[in-house]
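Working notes, structure below.
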Amino acid sequence: MRAISPLCFSVSAFRRLSSHAAARVDNHRQCITGPTNHTSHLHTEKTEPLISLIKSTSSKPHLLQIHAHLIRNSLFQHPVFFSPFLFGIALPPLHDLGYACRVFSKFSKPDVFQYSIMIRAYGMSDSPGNGFMLYQEMLRSGVSPNSLTSSFVTNCCIKSGSLFGGLQIHARILRDGHQSDGRLLTTLMDFYSSNEKYTQACKVFDEMPHRDTIAWNVLISVYMRNQRTRDALAVFDMMQSSYDSQPDNVTCLMLLQACANLNALAFGERVHRYCEEHGFDKAMNICNALITMYSRCGCLEKAFEVFKGMTEKDVVSWTAMISGLASNGYGRDAIEAFREMQRAGVSPDDQTFTGVLSACSHSGLLDEGRMFFNSMSKEFGISPNIHHYGCVVDLMGRAGMVDEAYNLINSMKVKPDATIWRTLLGACRIHHQADLGVQVIERLIELKAQEAGDYVLLLNIYSSLGDWGKVINVRKMMKDRGIKTNPACSTIEFRGKIHEFVANDFSHPQKTEIYEMLDEINQQLRIAGYNAETVAELHNVGTEEKQIALSYHSEKLAIAFAVLSTPPGTSIRVAKDLRICVDCHNFAKILSAVYSREVVIRDRNRFHHFREGRCSCNDYW
DNA sequence: GTAGGGTTAG
């Protein structure tokens with residue numbers, strides 16, 4: 001007996017089925033060309049099997065055969081068959097937009113469903129802008145959009161970055177009275193958020209009649225994109241007290257990221273407990289986010305605990321652990337973890353090498369760093385990217401090889417970015433290389449990327465050389481170019497709230513106590529041998545004035561607040577947006593001994609752990 | 001007589 005392929009079987013099956021339907025349609029030729037509201041003439045019991053055959057196929061050749069048969073039997077133009085056919089060919093998994101366009105253009109009078117499918121298909125393609133054009137064509141031909149059409153076309157505007165299109169759609173949504181559709185409004189929030197119209201995005205949220213978990217999650221992502229990370233955390237409480245929606249795994253994932261950014265350890269632990277209570281802590285992505293959160297909060301023990309507890313570890317888990325060890329100053333352990341990862345049979349990728357190389361640069365492991373940099377491409381076939389180069393430049397720069405680092409940047413295959421020049425500028429500052437520093441500033445200017453911080457580094461170089469004439473020049477240059485310095489900001493978490501401190505800040509409600517406490521601490525530290533390190537301070541002023549200027553750096557205010565507010569022995573965790581200065585480093589080191597407090601300061605992505613008068617990093621940079 | 005929204009874990 002001859003074997004019949006499943007495809008042949010299906011085709012013969014629908015041939016049988018379609019002959020009944022065809023007989024019906026033939027009697028009503030107007031169905032084919034005219035308005036297509038004659039579905040009732042087709043017997044449901046005859047058409048349904050054929051429709052479900054069209055719907056169930058996910059093979060393109062099969063769908064094309066069905067197409068041919070529909071044409072032969074004059075059934076194709078009937079929406080009963082055309083709609084599911086278009087659906088199958090236009091959307092994934094087949095998603096043949098070219099084919100879908102051709103058949104769509106042959107269709108005499110598409111309805112709102114068919115337009116919607118095509119708009120959705122455009123939204124998923126490389127030409128989302130065409131989705132909006134089709135939407136306009138649809139309006140011109142008198143077909144009214146429903147809330148799904150609006151949702152699809154809004155998505156097209158998000159993808160194509162069309163602000164104007166989205167605004168038009170929003171106006172139409174209001175006109176048509178679709179403003180109570182939660183899903184549509186969620187897409188609209190996403191639209192405003194992706195166009196940086198955060199106020200508008202929040203307004204849409206406020207006006208929603210019901211907010212489900214996804215709507216709340218979009219609100220969190222709005223806050224996070226808008227650098228309002230603290231507000232993102234506040235959403236967690238609001239969700240838990242709302243009666244109709246609770247945080248889910250996506251909420252937790254985003255909040256853990258927010259905690260990592262804010263150094264909000266206590267809040268992160270709360271989210272962790274919530275994950276455990278709801279069984280999210282078994283998921284790999286949550287565990288990986290937890291590792292990062294704990295590492296970025298300087299709490300490596302907890303990060304390692306999560307890591308150890310994972311039944312399965314992927315490259316992301318290993319990389320998170322390696323990077324965590326690296327940024328916390330445990331370079332050798334990071335390298336050991338890398339070897340362990342290979343023994344476990346997990347292949348490293350480019351980000352793993354970023355972690356390994358940063359481990360070398362943070363711990364000053366020059367030879368190891370070079371070795372990994374070379375083996376990365378030779379053994380693992382991973383070509384170096386800007387981050388890898390950045391680590392090596394940092395490594396060489398710190399080791400005093402500033403000229404070699406400069407040559408390496410010039411020899412790179414990738415275009416140097418502002419960050420890599422800034423890294424070199426930092427090295428120039430450490431090794432007092434004023435001439436190269438000036439050259440680097442010029443490169444930053446070429447990139448139109450120079451920031452106040454870059455000029456401050458240059459100022460640091462000149463002032464440490466005692467070249468006050470040049471200091472005045474740079475200050476004048478900054479003034480002429482309109483460069484304004486933003487004061488550094490330190491944050492500290494206390495009882496679930498984030499407290500912000502800016503140098504010489506007088507806005508905190510407990511300011512008087514904080515300043516008094518800082519004076520008291522300074523007196524105690526001086527007894528223990530602390531002397532304000534004034535060499536790096538910018539102004540050409542007397543020593544006493546310098547000491548006053550240094551006294552109220554933001555991290556010192558934060559530390560004074562912690563000493564004031566927490567019981568003796570509690571660890572003090574500070575996050576700072578700029579680099580910690582030599583003096584504050586010294587201050588924290590001596591304080592850790594005098595007050596018997598562990599102090600953890602995170603500046604940018606680097607940690608300084610102070611315990612019993614020692615710091616985890618060898619020198620303060 | 002169908003169809004939709006959030007996450008890019010390091």
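All figures in this text were calculated on a predicted structure; none of them were measured in a lab. Below, each value reflects all heavy atoms present in this structure, side chains not excepted, and no hydrogens, waters or symmetry copies. Proteins get letters first, then strands, A, B, ... in listed order; numbering begins at 1 in each.
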For [X], side chain to side chain contact (heavy atoms under 4.5 Å, CB included) partners two or more places apart:
X         : answer
Ser125(A) : His95(A), Leu97(A), Tyr122(A), Ser127(A)
Ser141(A) : Tyr115(A), Val143(A)
Ser160(A) : Pro128(A), Ser162(A)

Phe76(A) ring center within less than 6.0 Å of His67(A) ring center: yes

Find the distance [X]:[atom1] to [N]:[atom2] and express it as a whole number of Å.
X         : N      : atom1 : atom2 : result
Arg183(A) : dA3(B) : CZ    : P     : 11 Å
Leu53(A)  : dT2(B) : CG    : P     : 20 Å
Met118(A) : dG4(B) : CE    : P     : 16 Å
Ile220(A) : dT8(B) : CD1   : P     : 11 Å
Asp190(A) : dT8(B) : CG    : C1'   : 13 Å
Leu185(A) : dG4(B) : CG    : P     : 18 Å
Phe205(A) : dG5(B) : CZ    : C1'   : 13 Å
Asn249(A) : dT7(B) : CG    : P     : 13 Å

Of the nucleotides [options], which one has an atom closest to the side chain of [X]?
X         : options                 : result
Ser83(A)  : dG1(B), dG10(B), dG5(B) : dG1(B)
Thr319(A) : dT7(B), dG4(B), dG10(B) : dG10(B)
Gln351(A) : dA3(B), dG10(B), dG5(B) : dG10(B)
Phe113(A) : dG10(B), dG1(B), dG4(B) : dG1(B)
Asn146(A) : dG5(B), dA3(B), dG1(B)  : dA3(B)
Asp349(A) : dA9(B), dG10(B), dG4(B) : dG10(B)
Arg120(A) : dG4(B), dT7(B), dG10(B) : dG4(B)
Asp111(A) : dG1(B), dG10(B), dG4(B) : dG1(B)

Contact class for [X] vs. all strands (heavy atom < 4.0 Å): base, sugar-phosphate, or nothing?
X         : value
Ser317(A) : nothing
Met321(A) : nothing
Val250(A) : base
Thr352(A) : base

Partner set under side-chain hydrogen bond (donor to acceptor under 3.5 Å, both in side chains) for Tyr389(A), not counting sequence neighbours: none

Partner residues of His272(A) under the side-chain hydrogen bond (donor to acceptor under 3.5 Å, both in side chains) criterion, sequence neighbours left out: Glu276(A), Tyr294(A)

Has the side chain of [X] got a donor or acceptor atom sitting under 3.5 Å from an opposite partner on the base of [N]?
X         : N      : answer
Ser116(A) : dG4(B) : no
Asn155(A) : dG4(B) : no
Thr186(A) : dG5(B) : yes
Asp181(A) : dG4(B) : yes

Steps toward side chain to side chain donor-acceptor pair (under 3.5 Å) verdict (Asp190(A), Ser193(A)): CA-CA 5 Å; Asp190(A) 201 24; Ser193(A) 168; 4.8 Å; no

Chi angles and distances behind the side-chain contact (heavy atoms from CB on, under 4.5 Å) call for Met293(A), Leu290(A): CA-CA 5 Å; Met293(A) 184 276 290; Leu290(A) 281 167; 4.1 Å; yes

Over all atoms of both residues, closest heavy-atom pair of Gln114(A) and Phe104(A): O-CE1, 3.8 Å

Close approaches to DNA chain B from residues 253-268 of chain A, in residue order (heavy atom, under 4.0 Å): Leu253(A), Gln257(A)

